[in-house]
Amino acid sequence: MTLDFLGTLERTHMCGDLRSSDAKDLGSGETVTLMGWVNRRRDHGNLIFLDLRDRTGITQVVFDKEVSPEAHARAEAARPEYVVAATGRVRVRGEGLANPNMPTGEVEVVAQQLLLLNEAKTPPFPIADDVAITNEEIRLKYRYLDLRRPELQRNFELRHKVTRAIRDFLSDNHFLEIETPLLTRSTPEGARDYLVPSRVHPGHFYALPQSPQIFKQLLMISGFDRYFQIARCFRDEDLRADRQPDFTQIDLETTFPKQETIFRIVEGFLRAAFHAGGIELPAHPFVQMTYDDAIRKYGIDKPDMRLPAMVDLGATLTPELRETLKIDPALPVYGFTIPRVGELSGTQRKALVGEIRGSFGDTGLDFLDVARLRTNAAFVPLAEAIAAKLTAEQLVFNGENFTTDDLAIVITPKPGTPALWNYDPHWIPKRVGQLRLDLAKKYADKHKLFEPTKTAADFRFLWVTDFPMYEWNEEAKRWDAAHHPFTSPHEDDITTGRLTSDKGAVRALAYDIVLNGTELGSGSIRIHRQDVQAEIFRSLGMSDAEAKERFGFFLDALEYGTPPHGGIALGLDRIVMILAGATSLREVIAFPKTAKAIDLMVDAPTPVGEQQMRELSLKTVTRS
RNA sequence: GGGGACGUAGCUCAGUUGGUUAGAGCGCUGCCCUGUCACGGCAGAGGUCGCGGGUUCGAGCCCCGUCGUCCCCGCCA
C-alpha cells in the first residue's frame, strides 16, 4: 500500500469537535475532513470502523464498501497509530448505535475518502488503552509515544492552562515578566551548581541558576516594582519523585511588601491556577502556622494537613506514672492517631509493634499501645485521659470523635536519653512526625484521606512562617543561613542585638507555602540595607573581604537606594503534579530524567569529543 | 554515600518444595465477518527468564557479583 500526500486537503474539524448538531447543520453533499492517528480499527469485512484520535478526542469513521470501495480498501490497510485524513459526511448514529461513553458518540463520519499519510510500527506499549505502563524505562526511552497517551496529553493541557492562568493573574496585578540569564555565576552554597565551561576564558565556568535570586532583587533596585518569571532552574542534587535537576519555578518579587502582601498574591494566583484546573479554592486566606508550631504539632516543617496533628500528652502523666512506665520525667510524650484504620488482628498488631520498636532502635524512644493500656485496670484512667486528648484533636481535625477504630500511638522517651539526640528539643517531635507519616502511608488504603474527591477539600494549603534565621552546621561547626543570606531577620531581632548574642533564637522573615505535605514554595522579605546585609554576612562567618569578592556587585547595588522588597518562588511542576493527582514530576515534565539524572531518550549526559574538550581547555581525570 | 522493591513474550503479569518442552490476558500477523465501539470467529508467530559466575544430576526459582528502573534516607541556602 503506497502512502498518500496531503495535497491541498485541509482539516475542517478536530477529532473531539463533532456533535449531532453538526450533522443537522450540514446539508447534503457537505463534508468534513478529520486528520489524526488511528486509535483502533474494527474490521467487519465489508464494513470497517476506524477511531481517529487527536489531542481533542476521538471520532468514529465508518468505511462502507458500498459507499466507497477505494476508501474501504485503504481502511483495510490502516493499522493503529497510522496517520490518516478521512473525508466524509457527518451522520447521526441510528437508534441504539450511539456510544454514550464518548463525547462524539452520537455521530460518526461516513467516509468517502481516506488518505494514508504515514504508517507506524507497532508501538512498544499501547497508546489507545489509557492504562498505566509500569515500565518507566521504556516509557522514557519512547517518551514521544508516552506523551501521545491521553493521560499525559491531559496533564500537559492542564500544565498549559495553569501556567497561563498564573501569567495572566500576575500580569493583571502589575507584575512585569522579565527574563534573567541562564549563564551566570556560581555561588557555592546551597545546592550544587551545574557548571558550563567558558571557551573564551580557559578554566573559568558559568553556572546555571539554582534560582534567579540576586537578579530579581537587582530588578527591584532598578525600580521595576513587581517582577515575575516562569523560570527554569537547575540543581545538581540527587533526585526524588518530586525533585528533578531541571525544573520550573514561578518566581516573583515586589517592592514594599509585608509578608501578608506576598501571601495574598500567591493565594490569588493559586486560586486562578486551580480554577483553570477545575477546582474552586475557598476565598479566605490560607491557614498560617509558625515553624515552631509546625515542629511541635506535626514534627516537620511541611505538615500534611490532611492528617490529624500530634498531641502533647505530657500533662496527663503524673511523675508516679512516668516512673512506673519508665518515661523520662522531663521529656514530652507525644500521641497521634491515624483515623479509620479499623480493628487490627493480634498478628497485625504484633507486627506493628515490632515495626515501630525496630524503627526506634537505640533512640531511647518506646511507645504505649492505648488499646492494651485499657486491658489493665490500673491504667484505665490514663487510657481514658489519653483518649480524651486525642478526641479533642480529632474534633479540631475533622469534627469526629476519636474511636477505637483509629490507630492511636503514644511515644514515650525512656529516662535519661536526651544525650542520645544531642539535647535537640526538635529531635523527638521530628521522629514522631516521621512515624506519623510512615503509618499514614502504610494505612492509606484504610483511612482514604489521600484519595482524591476532585474538590477543593483535596488540597490543604498552609503557610509556615517565622523560620529560624540560622542553622547550626555540626560538621563545619558554624551557623549557616537556614534560607539564604539575603533573608531579613525580624526587625526586633536586629535592634536587640540578638544576631550576635543568640543566633539560634533569631527568626527570619521567611515563609513556605505547603500543600498536602509538599513544599510548594519558599520566600522571604529581603535585606534592603547594606549595613544589615554586611552584618549578616559577618554573622555567617564571612569576612568583609570574602563577602566583597563573592557578592561585591550586590553589596554595591544595595547602596544606591534599595527599596524594601521581598518575594517567593513556587515549583510550577509540583503544583501541576498535585493538581493532576500524579505522584511523580515525570508525569508533568515533558522530557524528564531518571533517578540517576539520565535522559534515556536522547541519552544524556555523554562524553564529548577530544576537539570539543580541547576548545574548552578541559581534561578528564579519573577520580579514585 | 546508605537502605528497600522490582527485572520472565511487544505490554500487563502468573510461574508451587529446584524437576521433562516456561504460561495467561492484551497486542501483533493471516484468513472470515455490514453496526462495532475493549467487536467477534479461526489459525499462527513471538522467550538470551536483565547480564556474569557459582551450588546442583538438574536453576526462571538457591547463593555471589554486576547492570538498569523505581521509592526512601543523606543531600536539596
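Everything numeric in this text was worked out from a predicted model, so none of it was measured. To find a chain, count down the sequence lines: A is the first, B the second, and so on, and within it residues start at 1.
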S.K.: Mind checking salt bridge (Lys or Arg N to Asp or Glu O under 4.0 Å) for A:R91 and listing every partner two or more places apart, or none if nothing turns up?
M.R.: A:E108
S.K.: Under the salt bridge (Lys or Arg N to Asp or Glu O under 4.0 Å) rule, collect the residues that match up with A:E471, sequence neighbours excluded.
M.R.: none
S.K.: Are there any protein N/O atoms within less than 3.5 Å of an N/O atom in nucleotides 42-44 of chain B, and if so, which ones and at what distance?
M.R.:
none

S.K.: Mind checking salt bridge (Lys or Arg N to Asp or Glu O under 4.0 Å) for A:D251 and listing every partner two or more places apart, or none if nothing turns up?
M.R.: A:K216
S.K.: Residues in side chain to side chain contact (heavy atoms under 4.5 Å, CB included) with A:L182, at least two apart?
M.R.: A:P209, A:F234
S.K.: Enumerate the salt bridge (Lys or Arg N to Asp or Glu O under 4.0 Å) contacts for residues 76-86 of chain A, please, sequence neighbours excluded, ordered by first and then second residue.
M.R.: A:R53-A:E81, A:E81-A:R148
S.K.: Looking at residues 240-250 of chain A, who's got a heavy atom less than 4.0 Å off RNA chain B?
M.R.: A:R240, A:A241, A:R243
S.K.: Whole Å only: how far is the CG atom of A:L47 from the C1' atom of B:rC39?
M.R.: 11 Å
S.K.: B:rG30, OP1 or OP2 - any side-chain N/O from A:R79 closer than 4.0 Å?
M.R.: yes
S.K.: Please table the atom pairs, donor to acceptor, closer than 3.5 Å between any side-chain atom in residues 507-515 of chain A and protein atoms at least two apart or in another chain.
M.R.:
unit_1	atom_1	unit_2	atom_2	d
A:Y511	OH	A:S524	N	3.4
A:Y511	OH	A:S524	O	3.2
A:Y511	OH	A:G567	O	3.0
A:D512	OD1	A:S522	OG	2.6

S.K.: Please list, chain by chain and in numerical order, all residues satisfying salt bridge (Lys or Arg N to Asp or Glu O under 4.0 Å) with A:D480, sequence neighbours excluded.
M.R.: A:R478
S.K.: What are the atom names and distances for every N/O pair under 3.5 Å that joins the protein to nucleotides 8-10 of chain B?
M.R.:
unit_1	atom_1	unit_2	atom_2	d
B:rG10	O2'	A:P124	O	2.3

S.K.: Is any N or O donor-acceptor pair between the side chain of A:R93 and the base of B:rU36 shorter than 3.5 Å?
M.R.: yes
S.K.: Strictly by ring pair (Phe, Tyr, Trp, His ring centres under 6.0 Å), give each pair with a member in residues 48-73 of chain A just once, sequence neighbours left out.
M.R.: A:H44-A:F49
S.K.: Output every pair passing side chain to side chain donor-acceptor pair (under 3.5 Å) with a member in residues 538-549 of chain A, not counting sequence neighbours, ordered by first then second residue.
M.R.: A:Y470-A:S539, A:R538-A:D544, A:E546-A:R550
S.K.: For A:H44 and B:rU36, say yes or no: do the ring centres fall under 5.5 Å of each other while the ring planes differ by less than 30°?
M.R.: no
